[in-house]
There are 2 protein chains.
Amino acid sequence: MPPPFDLESFLPYRLNRAAELISLSFAREYKQRYQMTRPEWRTLAALGSAGRMTATEVGAHSNMHKTKVSRTVAALAGRRWLKRRENESDRRVEHLELTAAGLRAYGEIADLARTYQASLEAALGSGAIERIEAGLAEVERALLEKRRP
Amino acid sequence: MPPPFDLESFLPYRLNRAAELISLSFAREYKQRYQMTRPEWRTLAALGSAGRMTATEVGAHSNMHKTKVSRTVAALAGRRWLKRRENESDRRVEHLELTAAGLRAYGEIADLARTYQASLEAALGSGAIERIEAGLAEVERALLEKRRP
DNA sequence: TCTAATTGGTTGCAATTGTAACCGTTGATT
DNA sequence: AATCAACGGTTACAATTGCAACCAATTAGA
C-alpha cells in the first residue's frame with residue numbers, strides 16, 4: 001500500500017509557489033521604477049554580476065529559454081544597456097556586455113536587491129537563507145546530473 | 001561601503017531557477033502521457049489533495065493568477081475531470097470537485113509524483129527535502145505577512 | 001432601503017511565451 | 001576538399017498569459 005500523496009510536501013509544487021511569490025514580490029520593487037520586466041532584470045543581473053557572457057551562457061546561468069534570452073537581449077540592446085561584441089574566432093557567437101548606462105541601472109537595482117534580501121534575512125533569522133540555498137544547490141546538482149547521463 | 005551584490009545568493013533568483021528546473025523536469029513525466037499542462041496539473045493536484053475547493057481557493061493555494069485558474073478550470077471541466085457545484089448560500093461561488101475520471105487521473109499522476117520525489121530523495125539523502133521545505137515555509141510566511149500588514 | 005463598494009468569476013485584447021523552422025557558421029567525417 | 005551534422009542565434013506563428021474591464025451577486029454605509 002503506497003503512502004498517500006501529500007501535495008504540500010511535493011517539492012516541485014512548493015518550489016514553484018515560493019518562487020512565484022518571492023519573484024513577484026521583488027518585481028514590485030523595480031517594475032514601474034525602471035520599466036523593466038523579469039527576464040530583463042535576470043539578464044541584466046547575470047551580465048552585471050558575471051561580466052561578459054554569450055546569450056547561451058546567460059540562458060544556462062538563469063535557466064531561461066533561448067528565444068526568451070534572444071528577445072530580452074534585443075530589448076536591452078535597444079535601450080543601450082548592453083552591447084554585443086563579436087567573437088573573431090567564432091562568428092556565430094556574440095559576447096554581451098553592459099554599457100555604462102546598463103552598469104548604472106544594474107548598480108541601482110542591485111542595491112534594491114541587497115536591501116530586499118537584508119529585510120528578508122532580518123525577518124527569517126540569520127543563516128536561514130543560506131540553508132535554503134545550500135539545499136537548492138543540491139537539488140539543482142541532482143537534477144542536472146540526471147539530465148546529462 | 002555596501003557589500004557587493006552576489007546574484008548566486010540572491011534568493012528570488014535562486015528560487016526561480018530551481019523551480020523552473022524541477023518543474024520542467026517533472027512536467028516531462030506527465031505532459032505527453034496525459035496531455036496536461038502545468039496549470040492543469042497544479043489545479044488537479046490541489047483539488048485531488050484538498051478535496052472540494054472554490055476557484056479562489058485554488059488560486060491562493062497554488063499561487064496562480066485568477067484568470068489562469070478560471071481558464072484551467074474550464075479546460076478541466078470540458079474534459080470532465082471536475083464538476084462545478086453551486087453554493088446555495090452565495091451564488092457567486094462555485095465549489096469545484098473532481099469527477100471519478102478526474103480522481104483516477106489524479107491518482108495516476110500522484111503516483112508519478114511520489115516516484116519522482118522518492119528518486120530525488122534518494123539522490124539527495126534523507127531529510128534534505130524536508131529541510132528545504134521548512135525553509136520555504138518560513139519564507140512564504142514572512143512574505144505573506146509583509147503583504148498583509 | 002437605496003446606493004456604492006466589494007467579491008467571485010469570466011472575457012476581450014494586447015503582450016509574452018514556446019515550438020519549430022530557419023540562417024549563417026563551424027566542426028566532423030569522408 | 002566536399003558533405004553533413006551540430007551549434008549560436010533569430011523569427012514566424014500559435015498558444016499561453018496578464019491586465020483591465022466587465023457581469024452578477026453580496027455586503028456595507030448613508
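Each chain gets a letter, A, B and so on, in the order the sequences are listed, and its residues count up from 1.
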Checklist line | CG-CD distance between A:Leu120 and B:Glu138, expressed to the nearest 0.5 angstrom | finding: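 CD of B:Glu138 is found 10.0 Å from CG of A:Leu120.
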For [X] and [N], what is the distance between atoms [atom1] and [atom2] respectively, to the nearest whole Å?
{"X": "A:Glu86", "N": "C:dT26", "atom1": "CD", "atom2": "C1'", "answer": "16 Å"}
{"X": "A:Leu24", "N": "C:dT16", "atom1": "CG", "atom2": "P", "answer": "15 Å"}
{"X": "B:His95", "N": "C:dG8", "atom1": "NE2", "atom2": "C1'", "answer": "11 Å"}
{"X": "A:Leu76", "N": "D:dT10", "atom1": "CG", "atom2": "P", "answer": "12 Å"}
{"X": "A:Arg28", "N": "D:dC19", "atom1": "CZ", "atom2": "P", "answer": "11 Å"}
{"X": "A:Asn87", "N": "C:dT25", "atom1": "CG", "atom2": "C1'", "answer": "12 Å"}
{"X": "B:Glu94", "N": "D:dA24", "atom1": "CD", "atom2": "P", "answer": "15 Å"}
{"X": "A:Glu20", "N": "D:dT17", "atom1": "CD", "atom2": "P", "answer": "11 Å"}

Picking from [options], which would you name as closest to the side chain of [X]?
{"X": "B:Lys68", "options": "C:dG18, C:dT10, D:dT17", "answer": "D:dT17"}
{"X": "A:Thr56", "options": "D:dG9, C:dG18, D:dA25", "answer": "D:dG9"}
{"X": "A:Asp90", "options": "C:dT11, D:dT10, C:dT26", "answer": "C:dT26"}

Do the side-chain N or O atoms of [X] get closer than 4.0 angstrom to the phosphate oxygens (OP1, OP2) of [N]?
{"X": "B:Ser70", "N": "C:dT10", "answer": "yes"}
{"X": "A:Arg84", "N": "D:dT10", "answer": "yes"}
{"X": "B:His65", "N": "D:dT16", "answer": "no"}

Notebook entry, point to check: Taking the nucleotide of DNA chain D with the closest heavy atom to each, which residue, B:Glu88 or B:Thr67, is nearer the 5' end?
Noted result: B:Thr67
Notebook entry, point to check: For A:Thr54 and B:Pro39, take the nucleotide of DNA chain D holding the closest heavy atom to each; which residue's nucleotide lies nearer the 5' end?
Noted result: A:Thr54
Next item on the list: Provide the closest heavy-atom pair for B:Ile109 versus B:Tyr30 in the form atom of the first, atom of the second, distance.
Entry: CG2-CB, 4.2 Å
Under 3.5 Å, is there a donor-acceptor pair between the side chain of [X] and the main chain of [Y]?
{"X": "B:Arg17", "Y": "A:His61", "value": "yes"}
{"X": "A:Ser25", "Y": "A:Leu21", "value": "no"}
{"X": "A:Thr99", "Y": "A:Arg80", "value": "yes"}

Item checked: hbond_proxy B:Arg92 side chain to C:dT7 base (donor-acceptor, 3.5 Å cutoff) -> yes
Note to self: For C:dG18, does the base pair up with any side-chain atom of A:Arg71 as donor and acceptor (N or O, under 3.5 Å, distance only)?
What the structure shows: yes
Next item on the list: Answer with base, sugar-phosphate or nothing: what part of the nucleic acid does A:Arg38 contact at a heavy-atom distance below 4.0 Å?
Entry: nothing
